[in-house]
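What's counted below: heavy atoms across the whole structure, side chains too, no hydrogens, waters or symmetry copies.
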Amino acid sequence: RMTIKTLTKTSSEVALASIRDQVSSGVKSNEEDKSLACLPKSVIDAWSSLPSEVRAALVSSEVSGSLHGSGTAAPTLTTSSVSFGSSASSNSTASSEVGVVSNDTIYEKDPHSGSDIVLRPLERAPHNVFEFIKTKETKKTQVVKNASSTVTTTTKVVTSGRGWRNVFTLPISYDVNMVPHGTLLNVSNPQLLEATGVHPEGYDRRFAVLDAEVDKIYGEQIRNYFASRNIDLTTCILNGGEADKRPEAVDKLLDDLCAYKLRRREPFLAIGGGCLLDIAGMGACLYRRGVPFVRVPTTLLSIVDASVGVKNGVDYCCAVTDETYKNRIGSFYAPSSCLLDPAFIATQDARNVSNGFGEILKLALVRSSDLFELLEAHGAALVKSRFASNTTTPEGVSDRIIDVSIQIMLEELGPNLWEHTLDRCVDYGHTFSKLLEMVPGSDIMHGEAVNIDGFFCCVLSYLRGYITMDTVNQVFSCMQSLSLPTNSEYLTSNLAWQSCKDAIEHRHGEQRIPLITEIGESICVSDITQEELDRALEIMKQFSH
């Protein structure tokens, strides 16, 4: 065997390598005898007592050090082994184990690159900052045959790099508080004030961003609440419609926060519907790189949806494509707390209440047959009464519907706040609805679009044999009882197929479209074809929408 090495070893590297070879195989070359002979027996014994992965890491460190010391441009060690014979030679090298911890040193293997990584904590930040050495070995084998022999050449390339890793787990904790019905703005209830944080004595000002419609109905009551406590309330008034959910609204909020000079740890209030809460969350995330804010949802839709998660976002008009993209700019940023008072729903009109039921019914279809039964039995009456007590709905039903909806959302979002898992049942109704909402002049509200999408997906489930036509009819009847639309002239073949393409982009390479397999159960699929969509659209025409 002939071995050719492209680098000249330092004496320490030779010594370490010699000891490694001697301990592992008992064989050492004449070239390395002199270096090895210089080492006392105690050093050799100490070396042999180390785990193999530690010895490998030390040798890797020596390789890296010799490279950087010699001014070599790239930290690469190339070894060519040439053997003569009828079969290729095989060489084995020491490699680090995955996730092994020894004497505060961590050994990992990168699952993507295959690199062996050795991490050592820094003294002043041992739980967060680690210096590392990454080593990667690649081999290339070439076989040349001639009349008399076969020559196999194996080239081994070892690359080594160093750096630091910073590890920090972001602590996320926020309370979603159910406020006693109709009491949030009562002067005797301190919850709204307490949510704005603890301040030094005499700090007599607060900041709130209000939906313009909320300001018309509740503005005076909100200001009186703080005035009764000798607190000056500064307000930023924003329109809360989908058409107003743009970067310009975030800019307006940031301007007012700058003028107010909000302190770094001072929570501000966001009182309004889902669009207003999205804008406020974006502003809170951006101002001073993050300040606390309190969500106070005032619509049924925002109470069960926008208020409980950590997503914020605005629609964005791209200057290159001249298209507007829903929620294309956004952040994952948690509120400091949420205050939920269902009494706000009483000032919504019937269409907006039905709009909120679009999100609740979505949750029932993918997660809870019990919730679906509540909607079947009492949804229509609650739309008419705007979630207030009525003669046909037993006491506690409206609260139960809201409670179950919020719990389902939190159960689904809580373990997956940053959406590392993209197969999400709560995305039901959110594949085709995005483009439906953005069609110019469509006049489709979010919950309505979600419901149209949801019924379309019911038909797709039926075509795949997941559910029966009886189930489709049952869902359709429930949707109609809630005064929700089930189809749209804008739901065309082109829009449906483009929605699937957008889903692939948004959900990282796969459609991941949730479909129900029965009421309360669902799966995600990624193989829906344009032919399926067209067949579903034809079946949709058979219903009296």
Side-chain angles (χ1 to χ4, degrees), residues 176-179 181-185 192 208-219 221-222 236-245 249 269-282 293-309 311-315 326-327 335 337-364 375 379 382-388 398-399 401-406 408-410 426 429-430 433 437 443-451 482-485:
V176 179
N177 301 277
M178 289 302 301
V179 178
H181 196 278
T183 66
L184 182 61
L185 300 180
L192 189 61
V209 55
L210 306 180
D211 185 305
E213 291 301 315
V214 170
D215 187 47
K216 291 177 184 177
I217 301 171
Y218 298 102
Q221 192 175 355
I222 292 170
C236 169
I237 310 301
L238 296 176
N239 291 326
E242 185 69 36
D244 305 294
K245 199 172 77 168
L269 296 169
I271 307 177
C275 292
L276 186 281
L277 298 183
D278 274 352
I279 294 167
M282 278 290 292
F293 77 110
V294 179
R295 286 180 178 151
V296 183
T298 58
T299 65
L300 176 59
L301 180 64
S302 60
I303 286 173
V304 300
D305 184 36
S307 68
V308 297
K311 291 202 295 189
N312 311 282
V314 295
D315 303 337
K326 184 172 176 62
N327 292 328
S337 66
C338 304
L339 300 174
L340 311 185
D341 187 345
F344 285 115
I345 301 171
T347 56
Q348 291 191 270
D349 59 29
R351 183 184 179 189
N352 273 281
V353 176
S354 292
N355 183 54
F357 269 115
E359 282 285 352
I360 295 175
L361 181 55
K362 171 201 79 174
L363 297 173
L375 299 182
L382 289 173
V383 170
K384 292 179 181 178
S385 69
R386 301 175 189 179
F387 258 75
S398 59
D399 290 340
I401 288 174
I402 290 177
D403 287 356
V404 173
S405 300
I406 291 173
I408 291 174
M409 283 293 287
L410 288 173
V426 290
H430 287 71
S433 61
E437 286 185 74
D443 188 30
I444 301 176
M445 302 176 76
H446 177 67
E448 294 173 338
V450 167
N451 197 73
L482 296 171
S483 301
L484 283 165

Does [X] reach the side chain of [Y], with side-chain heavy atoms less than 4.5 Å apart?
{"X": "E437", "Y": "K326", "result": "yes"}
{"X": "I217", "Y": "F344", "result": "no"}
{"X": "L269", "Y": "F293", "result": "no"}

Does a donor on one side chain sit under 3.5 Å from an acceptor on the other, for [X] and [Y]?
{"X": "N355", "Y": "N352", "value": "no"}
{"X": "Y218", "Y": "T347", "value": "yes"}
{"X": "E242", "Y": "H446", "value": "no"}
{"X": "K245", "Y": "N327", "value": "yes"}

Has [X] got a side-chain atom pairing as donor or acceptor with [Y]'s backbone, closer than 3.5 angstrom?
{"X": "N177", "Y": "V179", "answer": "no"}
{"X": "D211", "Y": "L276", "answer": "no"}
{"X": "D278", "Y": "V314", "answer": "no"}
{"X": "D305", "Y": "G274", "answer": "no"}
{"X": "D215", "Y": "L210", "answer": "no"}
{"X": "S354", "Y": "L482", "answer": "yes"}

Atom of [X], atom of [Y] and distance for their closest heavy-atom approach:
{"X": "L382", "Y": "A388", "answer": "CD2-O, 4.3 Å"}
{"X": "L277", "Y": "S302", "answer": "CD1-CB, 4.2 Å"}
{"X": "S307", "Y": "L340", "answer": "OG-CD2, 3.7 Å"}
{"X": "G429", "Y": "S433", "answer": "O-OG, 2.7 Å"}
{"X": "G272", "Y": "V214", "answer": "CA-CG2, 3.9 Å"}
{"X": "A350", "Y": "V383", "answer": "O-CG1, 4.1 Å"}

When rounded to the nearest 0.5 angstrom, what distance separates [atom1] in [X] from [atom2] in [Y]?
{"X": "D443", "Y": "E448", "atom1": "CG", "atom2": "CD", "result": "7.5 Å"}
{"X": "L484", "Y": "F357", "atom1": "CG", "atom2": "CZ", "result": "9.0 Å"}
{"X": "I271", "Y": "R295", "atom1": "CD1", "atom2": "CZ", "result": "14.0 Å"}
{"X": "D341", "Y": "L184", "atom1": "CG", "atom2": "CG", "result": "5.5 Å"}
{"X": "C338", "Y": "I303", "atom1": "SG", "atom2": "CD1", "result": "11.0 Å"}
{"X": "M445", "Y": "R351", "atom1": "CE", "atom2": "CZ", "result": "5.5 Å"}

Self-check item: Verdict with reasoning, K362 to V426, per side-chain contact (heavy atoms from CB on, under 4.5 Å)
Solution: CA-CA 8 Å; K362 171 201 79 174; V426 290; 4.2 Å; yes

Quiz item: So H430 and E359, side-chain contact (heavy atoms from CB on, under 4.5 Å) or not? Walk me through it.
Solution: CA-CA 10 Å; H430 287 71; E359 282 285 352; 3.1 Å; yes

Exercise. Sequence neighbours left out, what passes side-chain contact (heavy atoms from CB on, under 4.5 Å) with P342? Give chain and number order.
Key: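 Listed in chain order: M178, H181, I345, I402.
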
